[in-house]
Each structure stands twice: as structure tokens, then as C-alpha cells.
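Heads up, the thing below is written out as C-alpha cells.
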Amino acid sequence: MLTVSLPDGSRREYPQPVSVAEIAESIGPGLAKAALAGKVDGQLVDTSHVLEHDAEVSIVTDRDDDGVEVLRHSCAHLMAQAVQRLFPEAQVTIGPVIDDGFYYDFSYSRPFTPEDLSAIEQTMAEIVKEDLGVERSVLARDEAVELFRGMGEHYKVEIIESIPSDEPLSFYRQGEFIDLCRGPHVPSTGKFKAFKLTSVAGAYWRGDSNREMLQRIYGTAWPNAKELRLHLKRLEEAEKRDHRKIGKQLGLFHFQEEAPGMAFWHPKGWTIYQTIQSYMKRKQDDNGYLEINTPQLVDFSLWEKSGHAAKFSEEMFTVESDNRQYAIKPMNCPCHVQVFNQGIKSYRDLPLRLAEFGSCHRYEPSGSMHGLMRVRNFVQDDGHIFCTEEQIQSEVARFNEFLFGIYRDFGFDEIVLRLSTRPQKRVGSDELWGQAEDALKQALDATGLDWQLAPGEGAFYGPKVEYSLRDCMGRLQQCGTIQVDFFTPGRLGAQYVAEDNSRRTPVMLHRAALGSFERFIGVLIEHYAGALPVWLAPVQAVVMNITDNQADYCREVGDSLKSKGFRVGLDLRNEKIGFKIREHTIQKAPWLLVVGDREAQSGSVSVRKLGGEDLGKMTIEAFSERLGGEVARRGRTG
RNA sequence: GCCGCUAUAGCUCAGCCGUGGUAGAGCAGCUGACUUGUAAUCAGCAGGUCCCGAGUUCGACUCUUGGUGGCGGCACCA
């Protein structure tokens, strides 16, 4: 006799060992049909899993996240089976679940084409119709190696051989197809209702760029056709919001062949850039930072001293002049240490917070560039805090508050924090690391927010916190960071005189809130689909006339608003008002002011919001007050 | 950097393979008419070294090849 407790709190008794599928069946035929897997005492298992003892059990269907994940994982197997039916020579490798879908990597003599993808999709549909049972089995490692070697699946053999020999290996078979897999999987290939293969791309075997390139096929799978459709629609929406596309449509910036990875900023884009920069300058001034500026070109020897040349010399642009080698600076920190090093510093000077809108150049690999998101020339809102070990925690806490306020001003309310701790290869004593990691933890706890731990992912010179914001598409965008550095100040000879008159090396905190202006603007454009909040909009309002009669009055309105510091455009062209409205709506101007004889006579403007809302006539004073209030609120929603 | 795809007018894209014979649309631009009330007024005109180099060919936007840029991934990201 064994007792099964179900999620609703009910209990069922079974006289003998029972499978998850049988439990589902005993609850109801509908559930039995929907069952994709089971959860037994918190562990995900196949529906064929047999319970020997009392347990808490839930039946996993496509209504659970776990169920969808099982579905996607099994869909990867389905695809691999289809590929091998069509291309028997293709070798299978790995096929995991990713966000919204799955992929599977294959080794094959030629690249797969889009036509291949649709053929594979068709074959997948056939296998679904065949409704093949999926069976789990366990093999000893040597048997498994022999089996896959016999099948010519050399990549699988390599995987199996890399698994410790005492671990039991599970396999899943559906029809003629068998794959090494931890599982669980759906009970049969008839369970798939909505999937699509989305793309094919190259990917290195085992993620190692020194090894062969495989062919990765990406797919997506959903519980039903409707959800698949919604997913594809979301992708379409994301494409519409692509900052490269919007940047072109709104005339914000461009790239061209002569300067790969370096933006040419147009007037409107540069206005956004400058608006953000002056906002950041003000924030940093208020927060105790001292703004500095350091050279673009610095003798290569400084990069050797700082240790960067050893690791990144390939990624640095260099310039030779008068037999001297210079590097165009790839980062600002060594220069900031030079500023710190001028004159004698006392413990009384600490913490010393230096900030620079530092333009950096890095020779990023050609394939890694992506619009404004990854460029070769970018400006960081960079800052370095020189402080003592004891000051780390309060400085990090201070930075947290600083950064949260800034993100809220830009309209981002959800922030994800991640603490990266000591890696294998590192400098500094364990004691120092422990102290720094504790300081960061305490500062993070003090925020009252959840944070994630990324063990071993810190820089070699110290632990760090990364701040990601969630955009309106639900994507996480890593922007801010604060990094403890025990290494660079000492290496570059930074010192201060301590209370006891001894010479000590300060700790340096590298920090940035936005990361780079380029990337942050890219994120903003996508988040707002180009319709930036008024405080950031390059043109905040457009005044337009109905006929030539009101042109002079429009100019007066424009001048009056400009004198109050607003960014105003005039559209006095001889065009119909509908045409002008359409054009400025497409250009995402947040406020449109229509002026005809009625307004000109009464000294007012007719006010229309970007979305089409008509606020009717108001005086120029009333409008500018409204606009001013909106600018002051920035992007804050709450 | 690696795999695949790709580059035609300011922009978005046809044409290109089968079938090699120096290009077409819409929007934007210019000119003219129209003076207009909340998402496209009408007519006319003009606009291209078909990314760059080499090859095949009587002839290359088209085929082959080498570059460069871009796109989708992978790898990288101080």
C-alpha cells in the first residue's frame, strides 16, 4: 500500500507500485491524455516513472512551465529524428531547451538550407502523426559507447565518455531514433501541437572556437497554435522596435563602411545623447563625483603597466607617431589612477570619486558588432571611486541608490542584481576577497531587492555587481556595474597616507550606471519603440499652421516655448494639416500644436498628443506648464 | 574571428537562377497648381559606376573568384 498526495491536498492510495501515467488515469481520462510528465517529491520524471513509496505527486501538463519545457526538450528530439530520417549521414550532438524554444546541433557534410528546414518540419509533422511511444532505458557506459560508436555517432560517444563512469546513463527511444538524454520526455510523439523551425546557424562543438563548427537548427514549440502565433507576433514586434531600424526612420544616427562599429550621430540623435549626458553630469555632481577628462591617446607603456596590454593588445587600436607607440584608450581606469596619483593623497581625501564621460575604442571582433548595442567606439559614464576596504560597503550602497534613481527616471522599474564572486584565477588574499564579497552582499541586502549569485564569475581583480534592467519586451539588458579592484591601483602606484602615517594602497571601485551611452540609447529606443518620454524626445513639440496666415503667430509660439527651454519644431509648409500630423506622428513627436485662425486670434494652440488624444485649445502658458511638468517627471511611471 | 545569408535610386524593395544583351515601382526630393482644421491634395520632372577588385564571355547588375560592409547565430566582450 502506498499513499500519493496531490497538489490540491487530497490523498490517494494504491495497493502496489504505480506509474505517474496510472495515477493520472485514476484521476481522470482528460488528465491522463494531457499528462506530459510528472513531479514526484519535487523531481521531474517521465509519466512511465513507477512509484514504489509514498510521495507527493503532481501531473505535469502543458499548462505548467515545467510541462512546456519538457515539450520543448522533446521537440528537439523530434527534430533530430526528422533530420536523421532525411539526412541519415547527419550526426547528432546536443539539443537543449532555451527561452521560448530549443535547438539541436548537427554535424553534416553541407549546410542546411531554408528549404531543408521546411522539409524537416514536414517530417516532424509525420512523426507526430505516427504517434510513436517514447521509451526510457538505462545502459552501462561501455554498452552505450559501443552502441553509439556502432551508429557512427562520434559526438555522442565523446559526450558519453566525458560522463563519470559510475553515473547511470539514460536513453530515450522513439521509433528508430535513440538519444542519450537525462529527460524527462513526453510519453509519445503525438503530443506536439505547435512548433516551428526558425533558423539555422553555425555553432562551435562544445562552445569552443578551436573546434569544429556544427549546424544549429533553432525551433520554437508551444502548447497550442494560438500561443505559437502570439510568440511569432512578439518576435515581429521586437523587429519593429529594432533600434537600428528606428534610428534610421527617425534620423538619429547612421553607420557606414568607412567606420565600422562607430556611429555618426545626427542632430536628433545627438540631442538625445546630450540630454542624457547633461542629466548624468548633474546626477554625478549631486552625488559627490568630480568630473575629469583624460587623453584619447596614451603611450602603450601605460597599458603594459596596467596589465591590459598582456590580455587585450589584439583588441586595442594603436597609433605610431615619432617612433612612439600609442594606444587609443580602450578604457579609462588607468588614466583615472594617473589623476589620483597627482599630489599626495591623505586618508582624509577618501573616498575620492572621479567621473568621466570617457570615449573608448576597442577593436571588437567583426562578427560581434550589433548596431549601437556593441560598437567599436563608445562613451562610458565611467567613474572610479578610490577608497579604503572599510568604505567599500557604504560606497556600493550609495551607488545602488544613485543607480536606482537614474533607472527610474528613464522609466525602468524592474532591476535585476547579480553578484559575481571570486574566480579560480585571481589576485589578492582570500581574506581580502571575503571582506569585499561580504561588503557587496550587505550592500545588496540593504537594497531590499532579490539578487542572484554568480559564483566564480568575478573579474580576476575583484568581485562585482551587475545591474540589468527589464525592458518592455521582457528582455534583460545589462547596463550598470560596480567592480571592486584590489589590483590596478597598486600596479599603477596609487597610494595614500593613512591615519598612522603609513602609505597604503587604495581600493578602486569601477562603476557605470548606463554602461555606454550608445548601448543605453539603443535600449531606450527599443523600450519606447522610438517614442521617447518628453524629457528625452529630440523634438518635444511641433507647431504647425493651417494656412500661411498663421505663420507669424506660429513663429511667436515657437520662440516663446524655446525661450522656456523646450525643444520645439516648426512646420509651416504649405501642406494639409492631416499630412503634417501624419508625418510628425511617424517621427514620434510627443506633442503637436495646431494653429489656425481661431487659435491665432485667441492667442492659444490646439494640443494633440502623439497617440491622437485631442486636448483642445489652451493658452501657450497653460501648455508650457503642462509640458514643463511632464519634463520634470521624466520617465517615472509611479 | 568562425558558419550561413546578403549588398540595385535618399528609403523600402522588384529584376538576377532556369533564360548574360548596362534597370523598374512605391515613398521621399524638385517644379507647378492648390491655402487647406487633426494620420498621405493633384500633376509634371529629375534621380542609379546595380558595394569594390579580378576572371569567364563578343557582351556581366546577372555567372566564377577575392575583398569590404551588413544580417542571423557561435565564439569573444577589460
Side-chain angles (χ1 to χ4, degrees), chain A residues 98 103 105 108 110-114 116 198-218 239 242 244-245 248-249 251 254-261 303 306-316 329-334 360 362-371 373-376 378 380 382 459-461 464 478 481 483 485 487-488 510 515-516 519 544-551 572-587 592-599 606-617:
Chain A
I98 50 173
Y103 66 78
D105 287 349
Y108 192 52
R110 65 161 177 86
F112 293 121
T113 64
D116 292 336
T198 47
S199 63
V200 56
Y204 295 110
W205 169 232
R206 302 220 139 170
D208 182 343
S209 57
N210 294 316
R211 305 199 63 176
E212 55 272 43
M213 173 87 31
L214 304 171
Q215 299 212 47
R216 174 169 300 178
I217 302 179
Y218 286 92
E239 208 173 308
D242 190 309
R244 293 165 298 188
K245 202 166 177 172
K248 200 180 260 177
Q249 284 163 354
H254 85 270
F255 289 91
Q256 68 184 48
E257 211 167 326
E258 288 81 355
W303 308 105
S306 73
H308 291 103
K311 209 173 162 203
F312 295 109
S313 64
E314 293 288 297
E315 285 79 38
M316 285 157 71
K329 70 174 167 182
M331 58 187 333
N332 307 298
C333 13
C360 299
R362 293 178 187 174
Y363 188 79
E364 301 287 1
S366 57
S368 70
M369 289 181 300
H370 180 91
M373 300 300 194
R374 181 96 178 259
V375 283
R376 285 188 175 154
F378 53 92
Q380 295 174 310
D382 206 359
F460 74 94
Y461 50 70
K464 64 179 176 185
Q478 202 243 302
T481 182
Q483 310 183 356
D485 187 347
F487 176 71
T488 310
H510 307 249
S516 87
R519 194 178 131 73
M544 43 194 128
N545 57 347
I546 304 272
T547 71
D548 290 346
N549 270 338
Q550 308 90 30
L572 305 180
R573 291 175 303 172
N574 175 19
E575 295 289 351
K576 290 171 92 164
I577 196 69
F579 177 86
K580 296 186 191 180
I581 286 173
R582 177 181 150 80
E583 207 156 87
H584 299 293
T585 299
I586 289 169
Q587 287 296 308
L592 301 181
L593 308 180
V594 175
V595 172
D597 284 335
R598 299 201 286 270
E599 288 79 9
S606 273
V607 180
R608 179 191 160 112
K609 282 185 88 160
L610 174 59
E613 191 189 341
D614 190 348
L615 302 191
K617 270 204 280 189

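A, B, ... follow the sequence lines: proteins, then strands. Residue 1 opens every chain.
Between the P atom of B/rG32 and the CD atom of A/E575 lies a distance of 14 Å, rounded to the nearest Å. The interatomic distance linking A/N545 (CG) with B/rU38 (P) rounds to 15 Å, in whole Å. Remark: C1' of B/rG37 and NZ of A/K617 are 12 Å apart, rounded to the nearest angstrom. A/N549 has its CG atom 12 Å from the P atom of B/rU35, to the nearest Å. The CD1 atom of A/I586 sits 14 Å away from the C1' atom of B/rU38 (whole-angstrom rounding). Atom P of nucleotide B/rC34 and atom CZ of A/F579 are separated by 18 Å, given to the nearest angstrom. Per the geometry, CZ belonging to A/R573 stands 16 Å off P belonging to B/rA39, to the nearest Å. Spacing between atom CD1 of A/I546 and atom C1' of B/rA39 amounts to 14 Å, rounded to whole angstrom units.
Here, B/rU8 and B/rA23 have their C1' atoms 8 Å apart, quoted to the whole Å. Rounded to a whole angstrom, the distance from the P atom of B/rU62 to that of B/rU56 is 15 Å. Taking atom P on both B/rC11 and B/rC52, the two are 15 Å apart, rounded to the nearest angstrom. Comparing B/rG24 with B/rA14, their C1' atoms are spaced 7 Å from each other, to the whole Å. Between B/rG15 and B/rA78, the two C1' atoms lie 49 Å apart (nearest whole Å). B/rG53 and B/rC61 have their P atoms separated by 12 Å, given to the nearest Å. Nucleotides B/rG21 and B/rA46, compared at atom P, are 26 Å apart to the nearest Å. Comparing B/rU6 with B/rC13, their P atoms are spaced 14 Å from each other, to the whole Å.
Within a 6.0 Å radius of CD in A/Q256, other residues, nucleotides and ligands contribute more than 12 heavy atoms.
Side-chain to base pairing of A/E599 with B/rG37: one donor and one acceptor N or O lie within less than 3.5 Å of each other.
Here the side chains of A/V594 and A/I546 are in contact, with some heavy-atom distance below 4.5 Å.
A donor-acceptor distance shorter than 3.5 angstrom exists from the side chain of A/R376 to the backbone of A/E364, with no hydrogens or angles considered.
Between the NZ atom in A/K576 and the CE atom in A/M544 there is a gap of 15.5 Å [rounded to 0.5 Å]. Annotation: the span from A/T585 atom OG1 to A/R582 atom CZ amounts to 9.0 Å, rounded to 0.5 Å. Remark: A/R519 CZ to A/M373 CE distance equals 6.0 Å, nearest 0.5 Å. Here A/S306 contributes atom OG and A/K311 contributes atom NZ; the two are 12.0 Å apart, rounded to the nearest 0.5 Å. In this structure, CZ in A/R362 is found 5.5 Å from CE in A/M331, a value given to the nearest 0.5 Å. Here A/Y103 contributes atom OH and A/I217 contributes atom CD1; the two are 13.0 Å apart, rounded to the nearest 0.5 Å.
With respect to A/D242 and A/R244, a salt bridge is recorded, a charged nitrogen being found less than 4.0 Å from a carboxylate O.
Base contact: A/I581 has a heavy atom under 4.0 Å from a base atom. Among the atoms of the strands shown, none is found under 4.0 Å from any heavy atom of A/T113. A/K248 comes within 4.0 angstrom of the backbone, heavy atoms only, and of no base.
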Would A/R608 and A/D614 satisfy salt bridge (charged side-chain N to carboxylate O under 4.0 Å, His left out), going step by step from the backbone distance to the final call?
CA-CA 5 Å; A/R608 179 191 160 112; A/D614 190 348; over 6 Å; no
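Residue-to-nucleotide proximity on RNA chain B shows that, of A/D548 and A/S606, the 5′-proximal contact is made by A/D548.
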Map every base of RNA chain B to its dot-bracket character, where paired means a Watson-Crick or G-U wobble contact with both distances under 3.5 Å and | marks a partner outside the strand.
(((((((..((((.......[..)))).(((((.......))))).....(((((..]....))))))))))))....
Scoring nucleotides 69-78 of chain B by protein non-hydrogen atoms under 4.0 Å (B base, S sugar-phosphate only, - none) yields S-SBBBBBBB
